[in-house]
Amino acid sequence: MFVANYIDRVNIGFAQDQLRADVGISASAFGLGAGLFFVAYAIFEVPSNMLLERFGAKIWLTRIMVTWGLVATGMAFVTSVEMFYVLRFLLGVAEAGFFPAVIYYFTRWLPDADRGRATAIFLMGSGTASVIAGPLSGALLEMHGIWGHSGWQWMFFIEGIASVVLGVVAYRFLDNKVEDATWLTDAEKNGLARMVEDEQRARDARRDTSRISRWKLFTDPQMLLFCWIYFAISLALYAVTFWLPSIVDDIGGLSEFEVGLLVAVPWLCALVAVYLTGRASDRTGRRRPFLVGALLAGAVGTTLATLVSPWWGLAALCVAAMGFKTSSPVFWTIPQSYLDARVAAPAIALVNSLGNLGGFVSPTAFGILEDATGSTEGGLIGLSVVGVLCALSVRFLHGGGPNDPLRGGR
């Protein structure tokens with residue numbers, strides 16, 4: 001589901017040149033439209049996750065997927081800048097809640113010691129999507145002219161319909177809670193549920209949990225820090241995601257399919273890095289050093305990309321993709337271990353929604369910079385600075401594994 005989710009979210013990066021030419025969209029307007037998705041995502045994410053608690057994952061995740069697939073399909077019929085803006089916003093409304101719903105889902109299914117690997121495997125979906133999206137979208141773009149439709153129209157239509165179909169299929173396999181899992185024995189269900197409950201009781205023993213107000217999440221310093229760090233991670237990730245096809249295209253002499261293949265290379269490297277780092281952070285129990293290392297690697301990669309030739313720049317962006325992509329799953333294990341289960345769903349949604357506003361800022365800023373300077377170098381340098389500042393902020397995070405002296409503290 002996350003593979004399809006991520007493809008429908010970022011495939012406009014591959015359609016950028018054709019879409020802008022056919023509809024008459026400037027670089028800054030394209031960046032704004034790409035970013036509007038995240039504004040809607042931020043507005044509707046917390047309500048969506050609260051409805052998840054009411055209806056259960058089975059129904060709510062299916063609803064999310066089917067509606068976003070329908071909106072993604074509608075992108076094939078864009079005829080104006082205004083329509084582009086509206087559909088991108090509606091896509092954010094439809095997708096809102098999917099990612100934090102799954103992260104919350106893990107807190108109800110898995111003990112803390114296993115969440116690092118589980119989150120890493122789940123987030124490998126976006127890396128897998130990035131690897132698949134390049135060749136797939138490039139191939140669909142080359143359907144240009146078939147039955148009188150542009151390649152970008154075929155790309156949006158086929159990839160959107162695929163999400164609708166997958167959403168219907170997923171309904172058959174999702175279970176709301178451990179007790180519903182027919183693929184576990186009774187002993188396994190009881191043991192797993194008991195482990196999750198014991199961890200919640202341990203968190204309760206470390207804190208005053210007599211009254212837990214969801215509104216206080218907005219003033220909790222740790223929550224604000226979580227939001228800032230994830231904002232910085234999202235800003236870096238989506239800047240690289242949306243503009244990487246354009247940067248690769250600057251190499252010159254490449255077909256749409258060849259650009260798609262080359263775009264897949266940094267994300268293939270990131271996919272391996274995400275899995276290995278998730279295993280290593282689970283094994284050591286120390287999340288924060290891995291998070292700092294990943295953020296600094298991303299900053300180094302984006303800096304090098306501005307200093308070398310396009311081919312070497314692609315290699316530098318491999319380093320950047322590995323760093324920024326790896327930082328996301330490592331980061332999410334920290335709020336998972338910090339948050340009380342009774343506020344985990346809205347809290348995770350809050351961090352994800354406000355943090356994802358980085359996905360609005362970065363493509364918008366990159367578009368404005370490209371219109372003004374004809375280059376994305378200024379944006380890449382800015383990402384390096386953000387990566388370093390984010391790494392410095394990790395020092396103040398609470399929660400980070402059983403060996404982290406700050407775990408459970410405030």
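Residues Tyr6 and Thr128 have side chains not in contact (no heavy-atom distance under 4.5 Å, counting atoms from C-beta outward). No side-chain heavy atom of Leu237 sits under 4.5 Å from any side-chain heavy atom of Ser362. Residues Phe156 and Thr73 fail the side-chain proximity criterion, which asks for heavy atoms closer than 4.5 Å. In this structure, Ile7 and Ile132 have side chains that are in contact, with non-hydrogen atoms separated by less than 4.5 Å. The closest side-chain heavy-atom distance from Leu174 to Leu61 is below 4.5 Å. Between Leu276 and Thr326, the closest side-chain pair of non-hydrogen atoms is not below 4.5 Å. You'll find the side chain of Leu357 stays beyond 4.5 Å of the side chain of Ser234, heavy atoms only. Inter-residue side-chain proximity for Val394 and Ile229 is flagged as met; some heavy-atom pair is nearer than 4.5 Å.
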Apply side chain to side chain contact (heavy atoms under 4.5 Å, CB included) to Val78 and Leu87, showing your working.
CA-CA 8 Å; Val78 168; Leu87 284 173; 3.7 Å; yes
Residues His149, Phe157; criterion side chain to side chain contact (heavy atoms under 4.5 Å, CB included); working and verdict:
CA-CA 11 Å; His149 296 294; Phe157 185 82; over 6 Å; no
Decide side chain to side chain contact (heavy atoms under 4.5 Å, CB included) for Met1 and Val102; before the verdict, give the C-alpha distance in whole Å, the side-chain angles of both, and the deciding distance to 0.1 Å.
CA-CA 10 Å; Met1 293 173 76; Val102 176; over 6 Å; no
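Distance alone, capped at 3.5 Å, places no donor-acceptor pair between the Glu45 side chain and the Ala42 backbone. Using a distance-only test at 3.5 Å, with no hydrogens or angles considered, no donor-acceptor pair links the side chain of Thr277 to the main chain of Val274. A side-chain donor-acceptor contact under 3.5 Å links Ser384 to the backbone of Ala299. A distance-only check finds a donor-acceptor pair linking the side chain of Ser26 to the backbone of Ala29 [under 3.5 Å]. Side chain of Arg287 to backbone of Thr333: no donor-acceptor contact under 3.5 angstrom is found. A donor-acceptor pair is defined here as one N or O able to donate and one able to accept, closer than 3.5 Å; no such pair exists between the side chain of Ser328 and the backbone of Lys325.
With rounding to the nearest 0.5 Å, the separation of OG in Ser80 from CD1 in Ile25 is 8.0 Å. Between the NZ atom of Lys58 and the CG atom of Leu52 there is a distance of 14.0 Å, given to the nearest 0.5 Å. Rounded to the nearest 0.5 Å, atoms CZ (Arg20) and CD (Gln18) are 12.5 Å apart. Interatomic distance, CG of Leu262 versus CZ of Phe257, reported as 10.5 Å (0.5 Å rounding).
The cationic group of Arg9 does not satisfy the cation-pi geometry with Phe38, failing either the under 6.0 Å distance to the six-membered ring centre or the 45° limit from the ring axis. Lys177 forms no cation-pi arrangement with Trp109, by the criterion of a distance under 6.0 Å to the ring centre and an angle within 45° of the ring axis.
A donor-acceptor pair shorter than 3.5 Å can be found between the side chains of Glu159 and Ser137. Counted by atom type alone, Trp60 and Ser48 present one or more donor-acceptor pairs between their side chains at under 3.5 Å. Side chains of Trp152 and Asn11: a donor-acceptor N/O pair is absent below 3.5 angstrom, by distance only.
A centroid separation of 6.0 Å or more is found between the aromatic rings of Phe89 and Phe37. Here Trp332 and Phe99 bring their ring centres to under 6.0 angstrom of each other.
Using cut-offs of 30° and 60° for the angle between ring planes, the Phe98 and Trp68 rings count as perpendicular. By the 30° and 60° cut-offs, the orientation of the rings of Trp147 relative to Trp154 is tilted. Taking the six-membered ring where tryptophan is involved, the planes of Phe84 and Phe30 are essentially parallel, since the angle between them stays under 30° and well short of 60°.
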